[in-house]
Amino acid sequence: MLRIIKKLFLFLLISHLAYIVLIRFVDPPITVTQITSIIEGNGFKRTHLSLDEMSTAAKLAVIASEDQLFPDHNGFDIKGIERALAFNKKKKGKKIRGASTISQQVAKNVFLWQGRSWFRKGLEVYFTFMIELVWSKQRILEVYLNEAEMGKGIFGIEAAAKKYFKKPAKRLTRTEAAMIAASLPNPVRYTVKPASTYVSRKYPWVLRQMNNLDGDPDILKIIR
């Protein structure tokens, strides 16, 4: 029995490592979150693009909104995590603040499922470490912009651009990209069009952050 368990463990280990390497070069198939969207009746719209087929504004907007240290960290924003833990301790569970990087969100969106269990978070740490090790920053950002939920049944920047602004992602303006990025903490609740109160208040802040990051050489290497 122990021999069978060891073989099964070895098979699973080799399989998931091979899958991580494969997704470095191949677009991910449908994910658990996307399947859930279909089951819940929200539908599923997604079109994969390369980074070159996305506007620079879209790439800059999500970094400005979600993870400004993206070029510099190894998958985890340690100071952000410490701030989130301190905030959550102070609020005593009444309001939860996260500190997920773009890399962590890719790990969750592509390989796992939504939720806050410690087991899932543990797996998220592992997959985040692996994609940072195996993939480039450009590939991580590309997968994020293709797989992130951006509205009910809307996944990826191309589907979002066409849904909200009737244009391809390549032609998104800075304001339009900022509005989409502003919705990302909860894109089902914080609607882009009509713009929810949250999006209306946040997207000007995203635009300011984009302006601040415009000349950052490390970010420019990724988005251009």
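If you're wondering where the values come from, they're calculated on a predicted model, not measured in any experiment.
Residues passing the salt bridge (Lys or Arg N to Asp or Glu O under 4.0 Å) test with R171: none are found, sequence neighbours excluded. Every residue was checked against the side-chain hydrogen bond (donor to acceptor under 3.5 Å, both in side chains) condition with R24, not counting sequence neighbours, and none meets it. For K202, there are no salt bridge (Lys or Arg N to Asp or Glu O under 4.0 Å) partners, not counting sequence neighbours. Residues meeting the side chain to side chain contact (heavy atoms under 4.5 Å, CB included) test with V125, sequence neighbours left out: F76. Listed by chain and number, the residues in a salt bridge (Lys or Arg N to Asp or Glu O under 4.0 Å) with K170 amount to none (sequence neighbours excluded).
Looking at every heavy atom in both residues, Y19 comes nearest to P29 through OH-CD, 3.1 Å. Residue P168 comes nearest to A161 through the heavy atom pair C-CB, 3.9 Å, listed as atom of the first residue, atom of the second, then distance. A pairwise comparison of heavy atoms in A148 and N109 identifies CA-ND2, 3.9 Å as the closest pair. The minimum heavy-atom distance linking A178 with A61 is given by the pair N-CB, 4.1 Å. Of all non-hydrogen atoms in M210 and A64, the two that sit nearest each other are CG-CB, 3.7 Å. Across all non-hydrogen atoms, the minimal contact from S200 to P204 is O-CD, 3.3 Å.
The structure places CD1 of I180 at 11.5 Å from OG of S65, a figure rounded to the nearest 0.5 Å. To the nearest 0.5 Å, the span separating CD1 on I102 from NE2 on H73 amounts to 7.0 Å. Atom CG of L22 sits about 12.0 Å away from atom OG of S15, to the nearest 0.5 Å. Annotation: the span from I222 atom CD1 to T56 atom OG1 amounts to 13.0 Å, rounded to 0.5 Å. The structure places CG of L133 at 12.5 Å from OG1 of T128, a figure rounded to the nearest 0.5 Å.
Side-chain contact between F165 and K193: present, with at least one pair of heavy atoms (C-beta onward) separated by less than 4.5 Å. No side-chain heavy atom of F70 sits less than 4.5 Å from a side-chain heavy atom of V62. The closest side-chain heavy-atom distance from Y164 to E176 is not below 4.5 Å. Side-chain contact between N146 and M54 is present, with at least one heavy-atom pair separated by less than 4.5 Å. Taking the side chain as every heavy atom from C-beta outward, V143 and S103 never approach each other to under 4.5 Å. Residues E142 and S50 are in side-chain contact: their nearest non-hydrogen atoms beyond the backbone lie under 4.5 Å apart. Annotation: side chain of I219 is not in contact with side chain of Q68 (no heavy-atom distance under 4.5 Å). Between L141 and I223, some side-chain heavy-atom pair lies under the 4.5 Å cut-off.
Every pair tested for salt bridge (Lys or Arg N to Asp or Glu O under 4.0 Å) that includes a residue from residues 52-72 fails, sequence neighbours excluded, so the list is empty. Applying the salt bridge (Lys or Arg N to Asp or Glu O under 4.0 Å) rule to pairs touching residues 38-48 yields R46-E147, sequence neighbours excluded. For residues 182-191, no residue pair satisfies the side-chain hydrogen bond (donor to acceptor under 3.5 Å, both in side chains) rule, not counting sequence neighbours. Evaluation of the salt bridge (Lys or Arg N to Asp or Glu O under 4.0 Å) test over residues 128-138, restricted to residues two or more places apart or in two chains, returns E132-K137. Judged as a side-chain hydrogen bond (donor to acceptor under 3.5 Å, both in side chains), the pairs with a partner in residues 118-127 (not counting sequence neighbours) are, in order, H16-Y126, Q104-E124, R120-E124, K121-E124. Applying the side-chain hydrogen bond (donor to acceptor under 3.5 Å, both in side chains) test to pairs two or more places apart or on separate chains, those with a residue in residues 212-222 are R174-D214.
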Kindly indicate, with the supporting measurements, whether the criterion side chain to side chain contact (heavy atoms under 4.5 Å, CB included) is fulfilled by I131 and V110. CA-CA 11 Å; I131 64 174; V110 174; over 6 Å; no

Using the side chain to side chain contact (heavy atoms under 4.5 Å, CB included) rule, take M130 and L17 through it: C-alpha gap first, then chi angles, then the decisive distance, then the call. CA-CA 9 Å; M130 290 303 297; L17 288 175; 3.4 Å; yes

Under the side-chain hydrogen bond (donor to acceptor under 3.5 Å, both in side chains) criterion, do T33 and Q114 qualify, and how do the steps go? CA-CA 7 Å; T33 302; Q114 306 300 313; 2.8 Å; yes

In sequence, state the C-alpha distance, the side-chain angles, and the governing distance for V32 and L112, and then conclude on side chain to side chain contact (heavy atoms under 4.5 Å, CB included). CA-CA 7 Å; V32 173; L112 302 169; over 6 Å; no

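A single hydrophobic cluster is seen to contain both L220 and Y144, as judged by linkage of ILVMFWY side chains at heavy-atom distances under 4.5 Å, directly or through other members. By the rule that hydrophobic residues join a cluster once side-chain heavy atoms approach within less than 4.5 Å of another member, L123 and V21 end up as members of one cluster. With hydrophobic clusters built from ILVMFWY side chains whose heavy atoms lie under 4.5 angstrom apart, V106 does not share a cluster with L69. When the side chains of ILVMFWY residues are joined at heavy-atom separations under 4.5 Å, either directly or via intervening members, L213 and W205 end up in a single hydrophobic cluster.
Here the side chain of T101 pairs a donor or acceptor atom with the backbone of G75 at under 3.5 angstrom. W135 places a side-chain N or O within donor-acceptor distance of the main-chain N or O of I20, the cut-off being under 3.5 Å.
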Validation: residues 149-160 side-chain donor-acceptor distances under 3.5 Å, sequence neighbours left out:
| residue | atom | partner | partner atom | Å |
| --- | --- | --- | --- | --- |
| E158 | OE1 | A169 | N | 2.8 |
| E158 | OE2 | K162 | NZ | 3.3 |

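With a 6.0 Å radius and a threshold of 12 heavy atoms from other residues, nucleotides or ligands, F129 has its CZ atom at or below the threshold.
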